[in-house]
Amino acid sequence: MGKDLTGLLVTIPIIKTVGSTTKVVTDVICDSRKASDGALFVAVNGVNVDAHRFIPDVIAKGATVIVCEVLPEHIDENVCYIVVRDSSIALAHIAAWWYNYPSTRLKLVGVTGTNGKTTTATLLYELMQLMGEKAGLLSTVCNIIDKTVIPAAQTTPDPLSLCRMLNEMVEAGCKYAFMEVSSHSCTQHRIDGLTFAGAIFTNLTRDHLDYHKTVMNYMNAKKMFFDLLPKDAFALVNADDKAGAYMIQNTMARKLTYSLQSMAYYKCKILESRLNGTSLRINGHDIEVMFTGRFNAYNLLAVYGAAMQLGCDNQDVLVAMTQLVPVAGRFQTLVSPRGYTAIVDYAHTPDALVNVLDSIKDVLGKNGNIITVVGAGGNRDKGKRPIMAREAALRSDKVILTSDNPRDEDPNDILSDMAEGLTDSELKQKTLRISDRKDAIRTATILAQPGDVVLVAGKGHEDYQEIKGVKHHFDDKEVLIEIFNNEI
């Protein structure tokens with residue numbers, strides 16, 4: 001596969017070129033280790049590494065085109081240098097060019113927000129599959145090309161990986177693609193080369209402040225996504241979140257809202273809620289779904305609204321929604337042989353934890369106790385740690401503070417940070433500190449009585465614990481099933 005370089009030159013804003021542009025590009029790379037004869041290398045000045053330093057290496061391996069922000073000291077006369085203002089933006093557009101603009105050859109919908117991205121994107125994919133349509137998925141949990149599952153390394157991949165997978169979806173006959181759009185991907189311009197048919201905003205609460213520094217920066221990163229939308233796209237936002245209106249104030253896309261609390265284009269009411277399902281009324285239609293909690297009602301309403309905007313049949317959508325099942329690690333319910341219920345959920349922000357605990361409390365009422373196992377990740381926003389512990393203590397009958405992914409930090413230091421959010425009485429009456437996560441889960445199940453609920457929060461679908469740079473196999477659901485088998 002090769003493409004004439006002159007076709008690229010009209011797709012990106014160029015400051016200047018040095019050397020002959022009469023080149024045939026054999027590959028496009030942003031990882032210097034993948035350099036080969038005839039390759040085009042984009043030198044991105046990233047968060048941790050400035051790839052300009054690898055320009056001599058890729059030329060030595062045969063790269064003949066270099067896209068960069070600053071020319072290297074030594075100019076090779078056999079190489080074409082293309083100088084751009086921002087190589088991250090250039091990479092996104094070059095990736096789209098290299099893979100023949102795959103996002104224009106299917107209907108691509110992006111989902112952004114603090115909580116609910118994975119569930120909403122995945123359920124849209126599942127919905128289309130249930131209705132007999134081929135679709136693709138790009139998510140935190142996994143990437144799927146029609147029915148082929150590919151493990152996911154990050155929420156939003158780099159532009160080359162994105163366009164490659166979208167192109168594979170097109171070649172597999174996919175009509176739709178659904179993807180999570182992270183705040184990092186917006187500020188790092190990973191999605192700049194994509195054309196979206198629609199965008200969904202779920203909600204916004206404190207998260208990723210270790211990267212964005214302030215909530216306003218975080219919110220503006222999300223807004224960048226909507227600012228990029230074309231006129232013929234739809235922008236569907238949660239009207240019950242105060243950031244919803246802000247997201248779409250400058251978008252050219254068609255503006256739509258969904259709500260459980262106020263007037264909106266798409267409206268939902270919870271008729272009855274149970275631990276294993278909910279009765280909903282969506283735009284006047286009553287359905288039974290296999291999901292619990294207000295947060296899931298929001299997710300399902302967003303799914304319904306997006307499907308309608310994509311031109312799907314209303315009745316087909318409603319029928320398919322009754323067949324949808326919860327995403328791995330998102331309010332996954334397991335019933336113990338001893339009669340208590342365990343719930344595994346990815347809730348790793350204060351707001352997500354509140355949503356899950358409030359949903360459990362709404363269903364449980366006074367008919368059982370809530371025992372919460374929760375931690376906080378290392379090398380991440382420390383400010384949310386005491387908030388997580390306090391929200392858990394306020395809404396649980398017992399809280400066990402434990403490890404999440406401690407990464408390079410001492411787990412006990414993280415637990416001490418969390419405990420700062422608790423009063424002395426709460427510490428004495430409600431809280432245990434058990435740094436070993438497996439022991440913490442086992443202790444919670446020992447404390448549980450028939451009718452109680454054990455919430456294991458924070459890791460959800462993850463099947464590892466990251467400790468001192470090493471990922472060790474660990475799956476909350478597997479631990480619970482092992483405990484249940486010993487209870488029989």
Side-chain angles (χ1 to χ4, degrees), residues 1 3 8 11-12 25 27-34 39-47 51 67 84 86-113 117-118 120-122 124-125 128 134-146 148-200 211 221-222 224-230 233 306:
M1 179 181 177
K3 298 189 79 169
L8 169 66
T11 67
I12 58 173
V25 177
D27 195 8
V28 175
I29 59 168
C30 57
D31 183 340
S32 62
R33 294 167 295 184
K34 298 178 180 179
L40 180 154
F41 175 64
V42 184
V44 176
N45 188 358
V47 177
V67 177
V84 296
D86 190 318
S87 53
S88 296
I89 296 174
L91 175 62
H93 292 283
I94 292 169
W97 165 78
W98 181 245
Y99 287 104
N100 300 313
Y101 302 95
S103 62
T104 65
R105 293 181 282 141
L106 42 64
K107 293 183 178 180
L108 175 63
V109 176
V111 185
T112 196
K117 293 190 298 297
T118 300
T120 303
T122 304
L124 276 164
Y125 163 80
M128 291 302 176
K134 286 191 173 185
L137 174 69
L138 297 164
S139 82
T140 303
V141 177
C142 66
N143 302 312
I144 307 176
I145 298 168
D146 188 17
T148 303
V149 179
I150 302 166
Q154 57 194 133
T155 303
T156 311
D158 68 81
L160 283 168
S161 299
L162 266 178
C163 288
R164 175 180 49 77
M165 285 188 284
L166 287 170
N167 188 56
E168 290 174 3
M169 290 174 192
V170 172
E171 291 178 345
C174 293
K175 184 178 176 182
Y176 305 95
F178 305 100
M179 66 178 286
E180 295 183 49
V181 176
S182 68
S183 55
H184 294 67
S185 72
C186 294
T187 58
Q188 294 169 14
H189 303 289
R190 288 183 235 157
I191 60 169
D192 282 29
L194 303 181
T195 300
F196 287 87
I200 299 168
Y211 178 80
K222 300 282 188 188
M224 289 172 68
F225 176 35
F226 291 88
D227 293 347
L228 284 171
L229 294 175

Is there a donor-acceptor pair under 3.5 Å between the side chain of [X] and the backbone N or O of [Y]?
{"X": "T122", "Y": "T118", "value": "yes"}
{"X": "K134", "Y": "D146", "value": "no"}
{"X": "S87", "Y": "A43", "value": "yes"}
{"X": "E180", "Y": "K117", "value": "no"}

Reported [atom1]-to-[atom2] distance for the pair [X] and [Y], which is rounded to 0.5 angstrom:
{"X": "I89", "Y": "Q188", "atom1": "CD1", "atom2": "CD", "value": "12.5 Å"}
{"X": "C163", "Y": "E168", "atom1": "SG", "atom2": "CD", "value": "11.5 Å"}
{"X": "I200", "Y": "F225", "atom1": "CD1", "atom2": "CZ", "value": "8.5 Å"}
{"X": "T11", "Y": "H93", "atom1": "OG1", "atom2": "NE2", "value": "8.0 Å"}
{"X": "L108", "Y": "Y176", "atom1": "CG", "atom2": "OH", "value": "13.0 Å"}
{"X": "K34", "Y": "I29", "atom1": "NZ", "atom2": "CD1", "value": "9.0 Å"}

Grab the two heavy atoms, one from [X] and one from [Y], that are nearest each other, plus how far apart they are.
{"X": "A96", "Y": "P102", "result": "O-CD, 4.0 Å"}
{"X": "D192", "Y": "H189", "result": "OD2-ND1, 3.0 Å"}
{"X": "M128", "Y": "A135", "result": "CB-CB, 4.0 Å"}
{"X": "C174", "Y": "G136", "result": "SG-N, 4.0 Å"}
{"X": "A95", "Y": "P159", "result": "CB-O, 3.6 Å"}

Task: Sole candidate of T195, N100, N167 that passes side-chain hydrogen bond (donor to acceptor under 3.5 Å, both in side chains) when paired with R105 - done: N167
Task: Trace of the side chain to side chain contact (heavy atoms under 4.5 Å, CB included) decision for D27 with W98 - done: CA-CA 8 Å; D27 195 8; W98 181 245; 4.3 Å; yes
Open item on the list: Walk me through whether T112 and S183 qualify under side chain to side chain contact (heavy atoms under 4.5 Å, CB included).
Closed with: CA-CA 8 Å; T112 196; S183 55; over 6 Å; no
Is there side-chain contact between [X] and [Y], with heavy atoms separated by less than 4.5 Å?
{"X": "L40", "Y": "L8", "answer": "yes"}
{"X": "D158", "Y": "L91", "answer": "no"}
{"X": "L162", "Y": "M179", "answer": "yes"}
{"X": "I145", "Y": "M169", "answer": "yes"}

Task: Option among L160, V84, I12 that satisfies the side chain to side chain contact (heavy atoms under 4.5 Å, CB included) test with I94 - done: I12
TODO: Check the pair S103 / F196 against side chain to side chain contact (heavy atoms under 4.5 Å, CB included), numbers first and verdict last.
DONE: CA-CA 7 Å; S103 62; F196 287 87; over 6 Å; no
Open item on the list: Walk me through whether L166 and L138 qualify under side chain to side chain contact (heavy atoms under 4.5 Å, CB included).
Closed with: CA-CA 9 Å; L166 287 170; L138 297 164; 4.2 Å; yes
